[in-house]
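In this text, all values refer to a predicted model and were calculated from it rather than measured experimentally.
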Amino acid sequence: MPHPQEKFNQMETNLNLQGHQIRFKGDKTSGTLSASMMELTVPESPNQVKLACDASNPTITVTDGSGTLDITAQKVAFSGHQLPMKWRDNDTVKDYSPSELHRYWNKVAYYELTDENDEGEKATQSFANQVCQEATMPGRGSETLGRLFMLGTQHQQTTFLYLCTTHPQGELRAHLLKSMDPSE
């Protein structure tokens, strides 16, 4: 029970769960805590986080309704997400070692236009804006704000580095950060 004297709401000893759980519920989350697992769930939603404390295989599992992410000391495994293909036994699980994941996250997406039309720079900017307004993952509608990408054309050596930003009118637009020309 709440008490104005804080000391009455403090534990003075360890709590031995003996295989039992502590269950808790908030406005936006509920969960359980046991000696080997903490589980957080968003009610009426597929979103869930599990922290498994098993000493032989500690794991973090995140589920968001479209897929699952498992993180261990040895690998990061995804299921159901649109990521670079790395198939295992023809199923839909892609797993990455930490070094592979590090290489993937540091790659900036590159797009190449086959040719520039008569409008040149205007067409390039239009395509760049389109990239920012499209979902990063098919069918998910994921936010692209802050996404970096490069854009080039087949008949020009200059490559443009863009950042997806919010336009004053509220829509996502591509902001040109830098033009990179190999001759410079």
Side-chain angles (χ1 to χ4, degrees), residues 1-111 131-150 161-166 170 172 177:
M1 296 290 293
H3 197 282
Q5 292 189 41
E6 192 175 307
K7 66 179 183 179
F8 290 113
N9 286 317
Q10 294 177 346
M11 289 180 60
E12 298 293 335
T13 184
N14 292 327
L15 181 64
N16 188 341
L17 295 178
Q18 296 184 347
H20 297 283
Q21 297 178 338
I22 296 174
R23 293 191 176 100
F24 50 91
K25 186 174 175 86
D27 292 340
K28 297 187 177 179
T29 59
S30 63
T32 58
L33 175 63
S34 67
S36 62
M37 172 89 73
M38 182 171 73
E39 188 172 322
L40 302 174
T41 304
V42 178
E44 300 175 16
S45 167
N47 297 339
Q48 189 176 53
V49 178
K50 290 182 184 177
L51 307 177
C53 307
D54 178 1
S56 62
N57 187 30
T59 307
I60 300 172
T61 302
V62 180
T63 305
D64 70 356
S66 63
T68 300
L69 164 67
D70 287 306
I71 304 171
T72 69
Q74 289 75 37
K75 68 180 181 180
V76 177
F78 303 85
S79 66
H81 289 282
Q82 301 295 322
L83 288 164
M85 297 299 193
K86 185 174 180 182
W87 301 100
R88 183 180 66 206
D89 300 329
N90 294 322
D91 62 15
T92 58
V93 175
K94 282 85 65 177
D95 60 73
Y96 295 82
S97 68
S99 60
E100 288 174 315
L101 192 69
H102 184 265
R103 284 197 302 271
Y104 169 66
W105 284 156
N106 282 298
K107 286 184 178 174
V108 176
Y110 175 77
Y111 299 90
V131 170
C132 285
Q133 289 161 11
E134 288 181 354
T136 54
M137 295 166 64
R140 294 255 349 255
S142 298
E143 184 65 75
T144 58
L145 182 64
R147 181 182 184 205
L148 280 171
F149 66 94
M150 293 193 298
L161 178 66
Y162 286 95
L163 174 70
C164 294
T165 61
T166 304
L172 284 170
L177 292 177

State, to 0.1 Å, how close Glu39 and Phe24 come at their nearest heavy-atom pair, and which atoms those are.
O-CZ, 4.3 Å
Report the distance from atom CE of Met37 to atom NZ of Lys50, rounding to the nearest 0.5 Å.
5.5 Å
Supply the atom-to-atom distance Lys7 NZ to Gln5 CD, rounded to the nearest 0.5 angstrom.
5.0 Å
Supply the atom-to-atom distance Leu33 CG to Leu40 CG, rounded to the nearest 0.5 angstrom.
9.5 Å
Parallel, tilted or perpendicular: which describes the rings of Phe149 and Tyr162, with under 30° parallel and over 60° perpendicular?
parallel
Rounded at 0.5 Å granularity, tell me how far CZ in Arg23 sits from OG in Ser34.
10.5 Å
Pairwise distance CG(Leu177) to CE(Met150) - rounded to 0.5 angstrom:
12.0 Å
Side chains of Thr41 and Asn47 in contact at under 4.5 Å (non-hydrogen atoms)
no
From Thr61 atom OG1 to Leu69 atom CG, the distance as rounded to the nearest 0.5 Å
8.0 Å
Testing the basics here: between Leu172 and Gln133, what is the closest heavy-atom pair and its distance to 0.1 Å?
O-NE2, 3.1 Å
Counting only heavy atoms from other residues, nucleotides and ligands, does the tally under 6.0 Å from CD of Glu6 exceed 12?
no
